[in-house]
Protein chains: 2
Amino acid sequence: MCIIQNMRMSQGVEWALHTCLNLTYVESGQAVPTAALAKFYALPPAYLNKHLQALVRAGILSSTPGPRGGFRLARRPEAISLLDVVTAIEGSGEAFPCDQILREGPGGRPDVDYRHACVIAGAMRHAELAWRRELAGRSLADIRAEVETRYPDTPRNTRERFAALLG
Amino acid sequence: MCIIQNMRMSQGVEWALHTCLNLTYVESGQAVPTAALAKFYALPPAYLNKHLQALVRAGILSSTPGPRGGFRLARRPEAISLLDVVTAIEGSGEAFPCDQILREGPGGRPDVDYRHACVIAGAMRHAELAWRRELAGRSLADIRAEVETRYPDTPRNTRERFAALLG
DNA sequence: CTAATCTGGATGTGTATTATCCAGAATATG
DNA sequence: CATATTCTGGATAATACACATCCAGATTAG
């Protein structure tokens, strides 16, 4: 009966955010392979690796092949925003798809780009900017600080799990 | 090569927003059938009708069956926000899908609802609230006023097109 | 040299979005 | 009252996309 749907970002965003956050607890210089990062949350390794590759392309992670290789943060946690991670996985395209239906409307002209001229598209873009601004204002370091305030065991738990997985 | 995707809302949102905006130009009391609303932008009538039904269920439009029937706004344009229309089509679910992967992590517990406990999920929700707030702050009347400032021909064009379609 | 690991392309699978059609109900008009 | 018009909602089909796997090739530690 209903066609109601949900604008959803891919689950990979969740994987990427948690994985990046965990990597802030790895002593710098040490790389973590896909297999260990996947086991951390029981994620499918091959597919998680695709997302890790996207994070490397975005300059958020760096990768090293070979034994003792894997992934590590490419920048300090203070310099990685939630928006950086979201954009790396989801792309920077707008959530409101302006198909420029005004072209077919009265007074519509084929030479006008209604993605810019349309007031509705502008309003939707404006709202998305507010969303991006919020995400850009929060770094992995901010998130980590809040986590440690609310769940003091997290650093120990995380490091122990990594130790076990890398053992 | 890439798995980069785009969080996208359905195209129906664009159809619904433009259609509702056009309906603000119809003299109240008059209903416009699906066929006319679809021709306005050369949209598929049967599918547009599904979206119109969703707008009726949301209390944004009211519908009348029979000859001279169709759809009209159920409230004044000042009382219909962009968020109302977006929610009617897209639903009110969150765009960030928290799959609670923390359950599988160190110290993860099956009895905790990580959609609330997870700091990352909270930050994503916070950003979405900023988006919703922007959309809730803009009414169809606001949009119409901005349209008329920038494109003074719009009221005449819209009414003429409706007159032609309603014959 | 060998084993470990990343990279990126090819491919498969299932779900969601897009779209159509039809039977049934409601109603204006003559 | 008969008829044509229009909405409603269910069934169904086509297409696109998200999710997932696998493999060959490149890189590097030991």
Side-chain angles (χ1 to χ4, degrees), chain A residues 1-16 19 29-39 42-58 61-72 74 89-91 93 95 97 99 101 165-167, chain B residues 1-16 19 29-39 42-58 60-72 74 89-91 93 95-97 99 101 165-167:
Chain A
M1 154 198 175
C2 279
I3 55 167
I4 287 189
Q5 36 221 290
N6 243 350
M7 175 179 62
R8 265 173 54 109
M9 60 182 82
S10 83
Q11 102 215 117
V13 173
E14 185 181 13
W15 301 1
T19 297
Q30 189 167 11
V32 185
T34 299
L37 293 171
K39 278 182 192 152
L43 303 176
Y47 193 37
L48 174 64
N49 178 257
K50 293 297 186 200
H51 294 299
L52 298 175
Q53 286 183 34
L55 293 168
V56 170
R57 275 182 233 113
L61 301 184
S62 69
S63 63
T64 317
R68 316 282 292 178
F71 298 86
R72 72 199 79 192
I89 305 298
E90 281 291 316
D99 286 343
I101 63 175
L165 291 172
L166 293 170
Chain B
M1 152 199 177
C2 279
I3 55 168
I4 287 189
Q5 36 220 291
N6 245 347
M7 175 180 61
R8 262 174 55 109
M9 61 183 82
S10 85
Q11 101 215 118
V13 173
E14 185 181 14
W15 300 1
T19 297
Q30 189 167 14
V32 185
T34 298
L37 293 170
K39 278 182 192 154
L43 303 176
Y47 193 37
L48 174 64
N49 177 258
K50 293 297 187 201
H51 295 299
L52 299 175
Q53 286 184 35
L55 293 168
V56 170
R57 273 182 234 113
I60 294 168
L61 300 184
S62 70
S63 62
T64 316
R68 317 281 293 177
F71 298 86
R72 74 201 76 192
I89 305 298
E90 280 291 316
F96 176 75
D99 286 344
I101 63 176
L165 291 172
L166 293 170

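For clarity, every value in this text was computed on a predicted model and none was experimentally measured. In what follows, every chain begins at residue 1, and chains take the letters A, B, ... in the order their sequences are listed.
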Inset, instruction - Would you mind reading off the distance between A/Ile4 atom CD1 and C/dT17 atom P, rounded to a whole angstrom? - result: 12 Å
Legend entry - Between D/dT8 (C1') and B/Leu48 (CG): distance, integer Å: 15 Å
Inset, instruction - Indicate yes or no for a side-chain donor-acceptor contact from B/Glu14 to the backbone of A/Asp99 under 3.5 Å, with no hydrogens or angles considered. - result: yes
Inset, instruction - Find the distance B/Gln30:CD to D/dT6:C1' and express it as a whole number of Å. - result: 15 Å
Inset, instruction - For A/Gly66 and for A/Asn6, find the nucleotide of DNA chain C with the closest heavy atom, then tell me which residue's nucleotide is more 5'. - result: A/Gly66
Inset, instruction - Quickly work out the A/Glu14 CD to D/dA18 P distance and round it to whole Å. - result: 17 Å
Inset, instruction - Write down the distance between CD1 (B/Ile3) and P (C/dG8), rounded to a whole number of angstrom. - result: 12 Å
Inset, instruction - Give, for atom NE2 of A/His51 and atom CG of A/Leu43, the distance between the pair rounded to the nearest 0.5 Å. - result: 9.0 Å
Legend entry - Phosphate OP1/OP2 of D/dC7: any B/Thr64 side-chain N/O under 4.0 Å: no
Legend entry - Proximity to the side chain of B/Val56 - top-ranked nucleotide from D/dC7, D/dT27, D/dT8: D/dT8
Legend entry - Whole-Å gap separating P (C/dT7) and CG (A/Leu55): 11 Å
Inset, instruction - Figure out the CD/P separation between B/Gln11 and D/dC17, and round it to whole Å. - result: 12 Å
Legend entry - Atom-to-atom span, CG of B/Asn49 to C1' of C/dA25 - whole angstrom: 14 Å
Legend entry - Proximity to the side chain of B/Lys50 - top-ranked nucleotide from C/dG8, D/dG10, D/dT8: D/dG10
Inset, instruction - Could you tell me whether the side chain of A/Leu166 reaches within less than 4.5 Å of the side chain of A/Pro33, counting heavy atoms only? - result: yes
Legend entry - Minimum-distance nucleotide to A/Pro33 side chain [options: C/dC6, C/dA19, D/dG9]: C/dC6
Inset, instruction - Identify whether any heavy atom of A/Gly70 sits under 4.0 Å from a base atom; if not, whether one sits that close to sugar-phosphate; answer base, sugar-phosphate or nothing. - result: sugar-phosphate
Inset, instruction - Please state whether the phosphate of C/dT5, meaning OP1 or OP2, lies under 4.0 angstrom from any side-chain nitrogen or oxygen of A/Thr34. - result: no
Legend entry - Earlier contact from the 5' end, DNA chain D, for A/Arg8 and B/Val32: B/Val32
Inset, instruction - Starting from the 5' end of DNA chain C, give me the residue, A/Leu52 or B/His51, whose nearest nucleotide shows up first. - result: A/Leu52
Inset, instruction - With the side chain of A/Pro65 defined as its heavy atoms from C-beta on, choose the nearest nucleotide among C/dG8, D/dT6, C/dT5. - result: C/dT5
Inset, instruction - Report the nucleotide, chosen from D/dT28, C/dT20, C/dT27, that has the shortest atom-to-atom distance to any side-chain atom of A/Pro67. - result: D/dT28
Legend entry - Nearest to side-chain heavy atoms of B/Gln53, which nucleotide of D/dA20, D/dC19, D/dT8: D/dT8
Inset, instruction - Compare every heavy atom of A/Arg72 with every heavy atom of A/Gln30, then report the nearest pair and how far apart it is. - result: O-CB, 3.9 Å
Legend entry - Separation between CD1 of A/Ile101 and CD of B/Gln11, rounded to the nearest 0.5 Å: 9.5 Å
Inset, instruction - Measure from the side-chain heavy atoms of A/Arg68 and tell me the nearest of D/dG9, C/dA10, D/dG30. - result: D/dG30
Legend entry - Value rounded to 0.5 Å, distance of CZ in A/Arg57 from CG in A/Leu52: 10.5 Å
Inset, instruction - Choose from C/dC6, C/dT18, D/dA18 the nucleotide whose nearest atom is closest to any side-chain atom of A/Tyr47. - result: D/dA18
